[in-house]
Number of protein chains: 2
Amino acid sequence: MDKKETIINSAIELFSLKGYEGTSVRDIAADAGINVAMINYYFGSKEKLFESIVEHRASFLKGVFEELINNKQLSGIEKMDIIIDNTIERKFSGLNFHHIMHRELALQHRPQLKEAISDILLRNVTSIKNIIEEGISNGEFKQVDIELTLTTLLGTIHYLLTSDTLCRKILGKPKSFKPYQNKNLKDRISIYIKNLMRDHLLKK
Amino acid sequence: MDKKETIINSAIELFSLKGYEGTSVRDIAADAGINVAMINYYFGSKEKLFESIVEHRASFLKGVFEELINNKQLSGIEKMDIIIDNTIERKFSGLNFHHIMHRELALQHRPQLKEAISDILLRNVTSIKNIIEEGISNGEFKQVDIELTLTTLLGTIHYLLTSDTLCRKILGKPKSFKPYQNKNLKDRISIYIKNLMRDHLLKK
DNA sequence: TTTAAAACTAAACAAATGTTTAATATTATT
DNA sequence: AATAATATTAAACATTTGTTTAGTTTTAAA
């Protein structure tokens, strides 16, 4: 594998587990099995390594829902279903990177980085917004608060998956319960949010 | 003011802005206007200072909804309204501390601390759970997924307030918009979630 | 007023941090 | 095969980290 890629993978892993400040370049080097100096050789600095990761994933995530928005076959609520499942899927699998982004967002330093991260997260937001807007204008949906509705969608999933410890406690599950590997939980969230969105969006 | 209190206040402020690892004891000492050694003198270590903060607030937040649960005058949905406004109020004001707790939760070290934090957050969870359960059993509410419903309540508010940058972008507001000081936003969230909970909980 | 405990300080401590250096090895080019 | 560019290394660098020490001042009790 590419050595730069190896470093990035180790860095994502460790940043997500212990945070940016909590992870030393020596930790990363050890995990990646390379010399510490290689990090500065390839990326310039620890901070630029972090920025590389953000850019690396940014290009990876762009425009997922483009064709969905323009699809004329599906109803608004059917499109929402697809978005919901897609969002859940991404939160469950690409978990590490989401962790890093949200934690950095919650800090007050590196404001330019926060801008970049927000923009990445905003891509999905805009897609969802478009679909709800369309549903409202063609009379399928009620006139809901669009921005807060999509916040509910993202917030519900995110809150439950911020911490395995909290997730277990909320759901009343034992220590052995591993949220991120649990298919039942995935299905349960999917059914719940689809239901919630029907209650909230569709006219009675 | 009590000197221990001064240290705790500075620590909360800085931990919430820059994170636990990102804040040095010298930062805290400078902000509190005291000698670095006083932190270890009073608290023993940086880590124990952190734990003190958690305990300090834990005792502060206990049993807020006790009497609300046993109230026979109010309907289930009226109780939910009170819980919603209370939760919003706390998120907007006691913001710093919530920031710290959630960020620590998202990390994988200090597992015993995560347990403690989860337990604090769980107190509200249990109260809300009781109220929804009661509403279901007396026929006022539909048979919803209780745990996920309260996750929606907490998650929506929390997601929007994790980051001022993201919040502004989601809502399409200018740089000058300060989410945490905005009364309009507070009202907007309140109206929205009350509405959402009515759609979701009440029988049609 | 003497004495003991508590509060506080400046300085030093060892360990860990991100980064750079200078030397060596590897790879690619001519 | 000689040369140049790239990759890799171990060691050293200066800072910063949390903590401790040893000494001083302040406060309270006798």
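Sequence lines set the chain letters: A, B, ... in the order given, protein chains first and strands last, and positions in each chain run from 1.
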message = Taking side-chain contact (heavy atoms from CB on, under 4.5 Å) as the definition, give me every residue that meets it alongside B:K129, ordered by chain and number, with sequence neighbours left out.
response = B:E133, B:I146, B:E147, B:L150
note = To the nearest angstrom, the CD1-P distance between A:I7 and D:dA7 comes to 11 Å
request  = Could you tell me whether B:D85 and B:K186 make a salt bridge, using a distance below 4.0 angstrom between a side-chain N and a carboxylate O?
outcome  = no
query = What nucleic acid atoms does B:F43 come within less than 4.0 Å of, heavy atoms only: base, sugar-phosphate, or nothing?
reply = nothing
message = Distance check needed: C:dT27 P versus A:Y41 OH, whole Å only.
response = 13 Å
inquiry  = Between P on C:dA25 and CD1 on A:I34, what's the gap in Å once rounded to a whole number?
reply    = 20 Å
ask   = Quick one: on DNA chain C, does A:S45 or B:M38 contact a more 5' nucleotide (nearest heavy atom)?
value = B:M38
task = Using atom CD of B:E21 as one end and atom P of C:dT17 as the other, report the distance to the nearest whole Å.
result = 10 Å
query = Taking atom C1' of D:dT16 as reference, at what distance in whole Å does atom NZ of B:K46 sit?
reply = 12 Å
Nearest listed nucleotide, side chain of A:A37, among D:dA10, D:dG18, C:dA10 = D:dA10
inquiry  = Looking at A:D119 and B:K169, is any side-chain nitrogen of the basic one under 4.0 Å from a carboxylate oxygen of the acidic one?
reply    = yes
message = Expressed as a whole number of angstroms, how long is the span from A:N40:CG to D:dT6:P?
response = 18 Å
request  = For A:N35 and for A:D27, find the nucleotide of DNA chain C with the closest heavy atom, then tell me which residue's nucleotide is more 5'.
outcome  = A:D27
message = Using a 6.0 Å distance limit plus a 45 degree cone around the ring axis, check whether A:R168 lies over the aromatic ring of A:F177.
response = no
request  = Measure from OH on B:Y42 to C1' on C:dA6 and round the result to the nearest Å.
outcome  = 8 Å
ask   = Between D:dT16 atom P and B:K18 atom NZ, what is the distance in whole Å?
value = 12 Å
